[in-house]
Novice: 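This structure is in structure tokens; I'll ask about it shortly.
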Amino acid sequence: QVQLVESGGGLVQTGGSLRLSCAASGLSLSDYAMAWFRRSPGKEREFVATIGRSGGSVYYADSVKGRFTISRDNAKNTVYLEMNSLKPEDTAVYYCAARYASAWLGTTADYWGQGTQVTVSS
């Protein structure tokens, strides 16, 4: 059974930092492109960042570029999202997702995590 389990969310002040982790089980992460998405209350789910199966093909949403960093450790079957200079508008539930591909395309995923809440106070 495949599971993606996010952790590392929490409450942080504006300008603070958080590091999210996504631990995968039941699959070999090195076969999957990985991505982070987020959903804020009343909004559609939006793309945040993606990374190819070998660590290349890294892309970010314009809203997080320069502040967030996606990385992966295939040996640990884990993907990370380092978030710096957080803003109140970054408040959302953050989800990791896996797609059986060398790089991410579109928003279709093979697997989704359950999400972790990030709240940025002003």
Side-chain angles (χ1 to χ4, degrees):
Q1 181 180 359
V2 174
Q3 280 192 308
L4 301 177
V5 180
E6 302 95 335
S7 62
L11 174 64
V12 64
Q13 291 186 331
T14 297
S17 299
L18 284 173
R19 188 194 198 200
L20 305 184
S21 298
C22 172
S25 60
L27 57 77
S28 178
L29 202 68
S30 59
D31 292 331
Y32 290 79
M34 300 297 294
W36 287 94
F37 289 79
R38 67 186 181 186
R39 178 175 281 158
S40 304
K43 294 186 178 180
E44 296 286 323
R45 183 175 61 202
E46 65 171 340
F47 164 78
V48 175
T50 184
I51 186 167
R53 62 168 59 145
S54 299
S57 300
V58 174
Y59 299 100
Y60 298 95
D62 288 342
S63 58
V64 307
K65 202 172 294 183
R67 299 187 298 122
F68 290 12
T69 303
I70 189 171
S71 62
R72 64 190 298 156
D73 185 337
N74 287 342
K76 295 183 177 179
N77 250 24
T78 301
V79 177
Y80 305 97
L81 186 68
E82 184 77 33
M83 305 187 296
N84 298 313
S85 302
L86 283 162
K87 306 174 181 179
E89 51 264 44
D90 295 317
T91 295
V93 177
Y94 284 72
Y95 301 88
C96 72
R99 183 183 175 114
Y100 189 76
S102 59
W104 197 273
L105 292 174
T107 59
T108 302
D110 294 307
Y111 302 103
W112 291 92
Q114 84 291 345
T116 185
Q117 176 71 46
V118 171
T119 303
V120 184
S121 63
S122 56

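Computed from heavy atoms alone, side chains included, the values below leave out hydrogens, waters and symmetry copies. When a residue number appears, it is its place in the shown sequence, counting from 1.
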Novice: Side-chain heavy atoms nearer than 4.5 Å, only ILVMFWY residues, links allowed to pass through others: does that put Met83 and Val64 together?
Specialist: yes

Novice: Going from OG on Ser54 to CZ on Arg72, what distance comes out if it is rounded to the nearest 0.5 angstrom?
Specialist: 7.5 Å

Novice: Testing the basics here: between Gly115 and Val93, what is the closest heavy-atom pair and its distance to 0.1 Å?
Specialist: CA-CG1, 3.8 Å

Novice: Provide the closest heavy-atom pair for Pro88 versus Ser122 in the form atom of the first, atom of the second, distance.
Specialist: CG-CB, 3.9 Å

Novice: Could you see if Ile70 belongs to whatever hydrophobic cluster contains Phe47? Use Ile, Leu, Val, Met, Phe, Trp, Tyr and a side-chain cutoff under 4.5 Å.
Specialist: no

Novice: Counting C-beta onward and ignoring hydrogens, is there a side-chain heavy-atom pair between Leu4 and Cys96 closer than 4.5 Å?
Specialist: yes

Novice: Just to verify, which of Leu81, Leu11, Leu20 counts as forming a side-chain contact (heavy atoms from CB on, under 4.5 Å) with Val118?
Specialist: Leu20

Novice: Please report the C-alpha distance between Ser121 and Gln13 in whole Å, then the side-chain angles of each, then the deciding distance to 0.1 Å, and finally whether the side chain to side chain contact (heavy atoms under 4.5 Å, CB included) criterion is met.
Specialist: CA-CA 5 Å; Ser121 63; Gln13 291 186 331; 3.7 Å; yes

Novice: Please test Lys65 against Asp62 for salt bridge (charged side-chain N to carboxylate O under 4.0 Å, His left out), starting from the C-alpha separation and ending with a verdict.
Specialist: CA-CA 5 Å; Lys65 202 172 294 183; Asp62 288 342; 3.0 Å; yes

Novice: Nearest 0.5 Å, please: how far is CG in Asn77 from SG in Cys22?
Specialist: 9.5 Å

Novice: Can you get from Tyr32 to Val2 by hopping between Ile, Leu, Val, Met, Phe, Trp and Tyr side chains that sit under 4.5 Å apart?
Specialist: yes

Novice: Spell out, as yes or no, whether a donor-acceptor pair under 3.5 Å connects the side chain of Arg19 to the backbone of Gly8.
Specialist: no

Novice: To the nearest 0.5 angstrom, please state how far the OH atom of Tyr95 sits from the OG1 atom of Thr116.
Specialist: 10.0 Å

Novice: Judged by atom type as modelled, is there a donor-acceptor pair below 3.5 Å linking the side chain of Arg53 to the main-chain atoms of Asp31?
Specialist: yes

Novice: Between Trp104 and Met34, is there shared hydrophobic-cluster membership here, with clusters defined by ILVMFWY side-chain heavy atoms closer than 4.5 Å?
Specialist: no

Novice: So does Val48 get a backbone contact from the side chain of Arg38, meaning a donor-acceptor N/O pair under 3.5 Å?
Specialist: no

Novice: CD of Glu89 to OG of Ser40: how many Å apart, nearest 0.5 Å?
Specialist: 9.5 Å

Novice: How about Asn84 and Leu86: do any of their side-chain heavy atoms sit closer than 4.5 Å?
Specialist: no

Novice: Measure the acute angle between the ring planes of Phe68 and Tyr94, then classify it against the limits of 30° and 60° as parallel, tilted or perpendicular.
Specialist: tilted

Novice: Test side chain to side chain contact (heavy atoms under 4.5 Å, CB included) on Lys76 and Ser21; report intermediate values, then the result.
Specialist: CA-CA 11 Å; Lys76 295 183 177 179; Ser21 298; over 6 Å; no

Novice: Treating Ile, Leu, Val, Met, Phe, Trp and Tyr as nodes and any side-chain heavy-atom pair under 4.5 angstrom as an edge, say whether Tyr60 and Val120 lie in one connected cluster.
Specialist: yes

Novice: Say you draw a straight line from CD of Gln117 to OG1 of Thr91; how long is it, rounded to the nearest 0.5 Å?
Specialist: 7.0 Å

Novice: Can you confirm whether Tyr100 sits close enough to Leu27 that some side-chain heavy atom of one is under 4.5 Å from a side-chain heavy atom of the other?
Specialist: no

Novice: State, with a plain yes or no, whether a side-chain heavy atom of Arg67 is found less than 4.5 Å away from one of Asp90.
Specialist: yes

